[in-house]
Engineer: 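Mind looking over this structure? Questions follow.
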Number of protein chains: 2
Amino acid sequence: MSGKYKGMENGKESRCEQCIVRQFNSLRAMSKDELRKISETKTTRLVKKGEAIFEEGEKLNGVFCVRSGISKLSKLSANGKDQIVKLATKGEVLGQRSVIAEELSNLSAVAVNDMEVCYIPKDGIVNTLNTNPNYAVEVLRHMAHDLKEADDVIVNMSQKTVKQRVAEAFLYMKNNFGEDKDGFLSLSLSREDISNVVGTATESCIRIISEFKKKGYLKTSGKKIGIANEEGLIDLIER
Amino acid sequence: MSGKYKGMENGKESRCEQCIVRQFNSLRAMSKDELRKISETKTTRLVKKGEAIFEEGEKLNGVFCVRSGISKLSKLSANGKDQIVKLATKGEVLGQRSVIAEELSNLSAVAVNDMEVCYIPKDGIVNTLNTNPNYAVEVLRHMAHDLKEADDVIVNMSQKTVKQRVAEAFLYMKNNFGEDKDGFLSLSLSREDISNVVGTATESCIRIISEFKKKGYLKTSGKKIGIANEEGLIDLIER
DNA sequence: GCTTAAACATGACAAATATCATGTTTTGTT
DNA sequence: AACAAAACATGATATTTGTCATGTTTAAGC
């Protein structure tokens, strides 16, 4: 399968100053000069589907800026199950929290797709944080947003049924990762991954997906899943 | 019941520069001068048990620094139940997230005890954020910590049983709010509040507390609850 | 292309949890 | 002190969800 990594433009495009991805994240608040310095220290890396970018408990000496592909951020719980806390896509900066708090990573990041990420050693990040308030505030805004999202997830986890959470997961995937022209989700997660997002047993998740298909809420075509009746799903969530 | 508010030293003690509470939060990264300015704009307010400091959906024009007492931060879910996302105590700054993200508050803050809070209009906060990187980074560190905690809560919610979560709630209360000389928790929450922390039905919570008493994990004396066998609870959580 | 492992699927059952009903105790108010 | 309203408690039952078992389909490696 050649051309698999065609998303990567190497050589001349590899300077952060030119990178469009930057528009989506806090790096856009850096000055030209800061960005140039960062760019000199960064390295680009391809991560294949299933590979880890970093693991829970690992000490991170830098952050990872996602150029393409999607990563699942998960945490292993005492009972041996993974809980996916967030799905990160183009533009997101992984490991930022750990670097800022100067703690070991509390999450693992594993590629759900083939990915292209840039590794940025923490020195440049930390220096800029300490000298450029615009950048610090921008990072802060992103983190504030993440925190709100996390709070929302807490509420959903505790107050909604598994069925409702599965429905939400599909709407989330549609809204955040889009769908193709035939209405199938661009991101296709395994049933197991979905159950790890939702926080349920894989079998329960499979059953619910089957039910949703029967009821006409979802449609499938081979491996792909699509939303066939969005109102139906929304209805289900709100009751 | 006089002396109810004896925790409040009014007049001379009301300058932020002197406030011990500041040591616990990001305000300690402010310069003397910044702090003096903030202090001039702030107002102190007593909040009685059960009263709201702010409500979900409200626009916050400042933050609230907790001097004493405890507040529950909760969010109403579609099914009409409140989910308590966090309990905030002395030193915590409430509303910071909303002010930084320039969004309406996504949580309500209600006093669980009688409280004393200082209201700080956002201008001083925002100005300092934009000019003093030390302060911005300090706030960032706190937010990073909150985010980690929120992620942990997500994992607990989805992967642990109600019984385990109740056990954790009691250990949390002991570790964060302490106990009196007889080993009873300083913070006494109603069964309903506990169930809103844990994310379960009040009856389930009551039943589990009764069971824990029978098994000797918890002890009660009137309204007070204490941990009688910490190892027992820890054991329960880890299996 | 064949083989093997992983992913998907479904039934039967057990366990956890919510809900409803009802009663008791505690607390706060007049 | 009397009363009403919360808070606490417990039983009976329904519902949701997890677990185990087993089978089928799909995808990946040789």
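All chains are named by letter (A, B, ...) in the order of the sequence lines, taking the proteins before the strands, and each is independently numbered beginning at 1. Computed from heavy atoms alone, side chains included, the values below leave out hydrogens, waters and symmetry copies.
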Engineer: Would you please confirm or rule out a distance under 4.0 Å between OP1 or OP2 of dT10(C) and any side-chain N or O of S210(A)?
Structural biologist: yes
Engineer: If only side-chain N and O atoms of T200(A) are considered, is one of them under 4.0 Å from the OP1 or OP2 phosphate oxygen of dG18(D)?
Structural biologist: yes
Engineer: Angle class for the F64(A)/Y119(A) ring planes (parallel below 30°, perpendicular above 60°, tilted otherwise)?
Structural biologist: tilted
Engineer: Is K81(B) touching bases, backbone alone, or none of the nucleic acid, heavy atoms closer than 4.0 Å?
Structural biologist: sugar-phosphate
Engineer: Can you confirm whether more than 12 heavy atoms, excluding those of K90(A), are under 6.0 Å from its NZ atom?
Structural biologist: no
Engineer: Of all of residues 201-209 of chain A, which get a heavy atom below 4.0 angstrom from DNA chain D, listed by number?
Structural biologist: A201(A), E203(A), S204(A), R207(A)
Engineer: Round to the nearest Å and state the distance from R191(A) atom CZ to dG18(D) atom P.
Structural biologist: 17 Å
Engineer: Quick one: N79(B) CG to dT19(C) C1', roughly how many Å, whole number?
Structural biologist: 13 Å
Engineer: Looking at DNA chain D, which of residues 164-173 of chain B put a heavy atom within less than 4.0 Å of it?
Structural biologist: none
Engineer: Is there a donor in the side chain of T202(A) and an acceptor in the side chain of E192(A), or the other way round, less than 3.5 Å apart?
Structural biologist: no
Engineer: At a cut-off of 3.5 Å, list every protein nitrogen or oxygen paired with a nitrogen or oxygen from nucleotides 22-30 of chain C, distance to 0.1 Å.
Structural biologist:
none

Engineer: Can a donor-acceptor pair be found, under 3.5 Å and without considering hydrogens, that links the side chain of D193(B) to the backbone of L189(B)?
Structural biologist: no
Engineer: Under the 3.5 angstrom rule, does the side chain of D182(B) hit a backbone N or O of F184(B) as a donor-acceptor pair?
Structural biologist: no
Engineer: Rounded to whole Å, please give me the gap between CD1 in I194(B) and P in dA7(D).
Structural biologist: 13 Å
Engineer: Do the non-hydrogen side-chain atoms of N25(B) and E92(B) ever get within less than 4.5 Å of each other?
Structural biologist: no
Engineer: Is the phosphate of dA9(D), meaning OP1 or OP2, less than 4.0 Å from a side-chain N or O of K213(B)?
Structural biologist: yes
Engineer: Does NZ in K163(A) sit with more than 12 non-hydrogen atoms of other residues, nucleotides or ligands closer than 6.0 Å?
Structural biologist: no
Engineer: For residues R191(B) and N196(B), determine if any side-chain heavy atom of one lies less than 4.5 Å from a side-chain heavy atom of the other.
Structural biologist: no
Engineer: Mark yes or no for whether S204(B), through its side chain, and T200(B), through its backbone, hold a donor-acceptor pair below 3.5 Å.
Structural biologist: no
Engineer: Can you spot which of L233(B), V166(B), I208(B) makes a side-chain contact (heavy atoms from CB on, under 4.5 Å) with Y217(B)?
Structural biologist: L233(B)
Engineer: Does any part of the side chain of V47(B), heavy atoms only, come nearer than 4.5 Å to the side chain of V117(B), both counted from C-beta?
Structural biologist: yes
Engineer: Calculate the interatomic distance between M157(B) atom CE and dA16(C) atom P; express it in whole Å.
Structural biologist: 19 Å
